[in-house]
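So the structure is just underneath, and the comments pick up after that.
Keep in mind that what you see is a predicted model, and the values were worked out from it rather than measured. Quick note: residue numbers are just sequence positions, from 1. All values below were derived from every heavy atom in this structure, side-chain atoms included, with hydrogens, water molecules and symmetry-related copies excluded.
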Amino acid sequence: MKYNIREMKAEDIDTVASLYKQMYQEQKTMGMVFDFNEETLDSRLQIYLKSKFNMCLVLEDIDGQVVGMAINSLVKIPNKYTLENDKLIGFIDDVYIEKSHRKKNLGGLLVKEVEKRFRDLGINYVELNVLNENSVGKMFWKSLGFNDVIQVMYKKL
């Protein structure tokens with residue numbers, strides 16, 4: 001089956017919002033500590049579309065149905081650090097493929113496109129977060145060359 005990757009459009013927001021809800025339901029089973037704010041989702045996606053610091057891609061199947069997404073950001077490196085004279089890094093906020101379209105290397109295809117677009121912008125490093133209990137996600141990211149660098153920890157007071 002043939003798939004197409006393109007930039008998200010305003011008419012994709014409802015579908016991407018649905019993908020976000022599915023993703024969050026899965027994340028909740030993997031130790032996600034944050035609650036998902038559905039009320040602000042549409043407005044956040046609208047902002048992502050307009051921001052020069054966000055890159056929003058969707059994956060379409062042969063029928064033109066959006067079955068995956070990659071939401072990404074350009075993030076300024078804090079002044080206390082240097083990284084080969086770079087000022088920005090790419091940040092992969094969220095990547096999600098509908099369950100019925102998994103196991104076809106579509107996530108890898110989507111991430112490779114994200115990386116290409118980051119490189120085209122002069123970005124040399126990409127960062128992301130993955131839940132500790134998401135063993136499949138960890139294996140996926142490692143298979144694409146990502147390495148553990150830091151562990152974020154939370155404590156409820």
Side-chain angles (χ1 to χ4, degrees), residues 1-9 12-13 15-36 41 44-45 48-49 51-78 81-154:
M1 184 177 276
K2 186 164 172 57
Y3 291 85
N4 179 50
I5 298 171
R6 63 170 172 79
E7 290 188 26
M8 183 174 74
K9 301 175 189 170
D12 298 320
I13 286 180
T15 304
V16 171
S18 176
L19 291 174
Y20 256 109
K21 292 171 191 173
Q22 292 172 45
M23 181 183 73
Y24 179 73
Q25 291 303 314
E26 289 181 40
Q27 288 176 336
K28 259 325 231 190
T29 69
M30 296 177 215
M32 173 57 89
V33 297
F34 298 109
D35 290 325
F36 186 66
L41 183 56
R44 277 183 290 139
L45 290 172
Y48 291 165
L49 273 177
S51 172
K52 65 181 182 177
F53 295 104
N54 292 100
M55 173 180 30
C56 306
L57 302 178
V58 294
L59 176 77
E60 297 177 313
D61 66 12
I62 197 162
D63 298 321
Q65 297 295 320
V66 173
V67 298
M69 64 166 186
I71 307 298
N72 314 279
S73 306
L74 297 175
V75 178
K76 186 177 183 305
I77 297 170
Y81 300 120
T82 61
L83 187 63
E84 298 181 13
N85 296 317
D86 291 348
K87 301 287 185 219
L88 299 171
I89 60 169
F91 191 88
I92 298 177
D93 295 275
D94 296 297
V95 172
Y96 187 78
I97 305 293
E98 268 186 1
K99 283 184 180 181
S100 63
H101 290 272
R102 293 184 188 163
K103 308 257 186 223
K104 300 175 185 176
N105 195 35
L106 298 175
L109 188 69
L110 195 50
V111 171
K112 288 194 185 317
E113 180 64 21
V114 168
E115 291 175 345
K116 177 194 174 301
R117 291 180 186 223
F118 276 145
R119 273 192 305 278
D120 290 348
L121 293 170
I123 301 298
N124 297 306
Y125 288 90
V126 180
E127 179 180 335
L128 58 86
N129 295 322
V130 62
L131 292 167
N132 278 339
E133 295 178 31
N134 185 352
S135 58
V136 172
K138 285 180 176 183
M139 287 188 323
F140 168 74
W141 292 112
K142 286 182 184 235
S143 77
L144 294 174
F146 285 82
N147 298 300
D148 296 329
V149 175
I150 192 168
Q151 182 170 343
V152 177
M153 300 173 77
Y154 285 90

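In this structure, the side chains of Asn132 and Lys138 come closer than 4.5 Å at one or more pairs of heavy atoms. Within the 4.5 Å cutoff, no side-chain heavy atoms of Leu83 are placed close to those of Tyr81. The closest side-chain heavy-atom distance from Met55 to Ile71 is not below 4.5 Å. Side-chain contact check for Glu113 versus Leu59: every heavy-atom pair is 4.5 Å or farther apart. Counting heavy atoms from C-beta on, the side chains of Ile89 and Phe118 never come closer than 4.5 Å. The shortest side-chain heavy-atom distance between Val75 and Leu88 does not fall under the 4.5 Å cut-off. At least one side-chain heavy atom of Val66 sits under 4.5 Å from a side-chain heavy atom of Leu19. Asn72 places none of its side-chain heavy atoms less than 4.5 Å from the side chain of Phe91.
The minimum heavy-atom distance linking Asn147 with Gly145 is given by the pair ND2-O, 3.6 Å. Between Gly90 and Ile123, the shortest heavy-atom distance links the atoms N-CG2, 3.2 Å. Looking at every heavy atom in both residues, Lys21 comes nearest to Leu41 through CE-CD2, 4.4 Å. For Asp94 against Met23, the heavy-atom pair with the smallest separation is OD1-CE, 3.3 Å. The two atoms that bring Val95 and Ala70 nearest to each other are CG2-CB, 4.0 Å, heavy atoms only. Taking both residues in full, the closest heavy atoms of Gly137 and Val130 are given as C-CG2, 4.1 Å, listed atom of the first, atom of the second, then distance.
Side-chain N or O atoms of Asp61 include one that pairs as donor or acceptor with a backbone N or O of Asp63 at under 3.5 Å. Looking at Lys76, its side chain never comes within 3.5 Å of a backbone N or O of Lys87 through a donor-acceptor pair. Checked by atom type and distance alone, the side chain of Ser51 pairs as donor or acceptor with a backbone atom of Phe53 at under 3.5 Å. Here the side chain of Asp93 pairs a donor or acceptor atom with the backbone of Ser73 at under 3.5 angstrom.
With rounding to the nearest 0.5 Å, the separation of CG in Leu110 from CD in Glu115 is 10.5 Å. For the atom pair CD (Glu98) and CD (Gln22), the distance works out to 5.5 Å, reported to the nearest 0.5 Å. With rounding to the nearest 0.5 Å, the separation of CZ in Arg44 from CD1 in Ile13 is 11.5 Å. One distance of note links NZ of Lys103 with CD1 of Ile97; it measures 13.0 Å at 0.5 Å rounding. Rounding to the nearest 0.5 Å gives a distance of 4.5 Å between CG of Leu57 and CZ of Arg117. Atom CG of Asn4 is separated from atom CD of Glu60 by 5.0 Å, given to the nearest 0.5 angstrom.
Partners of Glu127 under the salt bridge (charged side-chain N to carboxylate O under 4.0 Å, His left out) rule, at least two apart in sequence or in another chain, do not exist in this structure.
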Handout entry: Derivation and outcome, side chain to side chain contact (heavy atoms under 4.5 Å, CB included), residues Tyr20 and Met69
Key = CA-CA 9 Å; Tyr20 256 109; Met69 64 166 186; 3.7 Å; yes

Exercise for the section: Walk me through it: do Val58 and Val16 pass the test side chain to side chain contact (heavy atoms under 4.5 Å, CB included)? Expected result: CA-CA 8 Å; Val58 294; Val16 171; 3.7 Å; yes

Exercise for the section: Decide yes or no on salt bridge (Lys or Arg N to Asp or Glu O under 4.0 Å) for Arg6 and Asp12, but give the supporting numbers first. Expected result: CA-CA 11 Å; Arg6 63 170 172 79; Asp12 298 320; 2.6 Å; yes

Problem - Derivation of the side chain to side chain contact (heavy atoms under 4.5 Å, CB included) call for Phe140 and Asn134 - result: CA-CA 10 Å; Phe140 168 74; Asn134 185 352; over 6 Å; no

Problem - Worked verdict on Lys142 versus Asp148 for salt bridge (Lys or Arg N to Asp or Glu O under 4.0 Å) - result: CA-CA 9 Å; Lys142 286 182 184 235; Asp148 296 329; 3.0 Å; yes

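Between His101 and Tyr3, the ring planes are perpendicular. Angles over 60° get that label, and only those under 30° would be called parallel.
Under the 3.5 Å distance criterion, with hydrogens and angles disregarded, no donor-acceptor pair is assigned to the side chains of Tyr125 and Asp86.
Within 6.0 Å of the CG atom in Asn85, the count of heavy atoms belonging to other residues, nucleotides or ligands does not exceed 12. Around CD of Glu7, the count of heavy atoms belonging to other residues, nucleotides or ligands within 6.0 Å does not exceed 12.
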Cut-off 3.5 Å, no hydrogens considered: what does the side-chain donor-acceptor table look like for residues 26-33, sequence neighbours left out?
| unit_1 | atom_1 | unit_2 | atom_2 | d |
| --- | --- | --- | --- | --- |
| Glu26 | OE1 | Arg102 | NH1 | 3.3 |
| Glu26 | OE1 | Arg102 | NH2 | 3.2 |
| Glu26 | OE2 | Tyr96 | OH | 2.6 |
| Glu26 | OE2 | Arg102 | NH2 | 2.8 |
| Lys28 | NZ | Tyr24 | OH | 3.3 |
| Thr29 | OG1 | Glu26 | O | 2.6 |

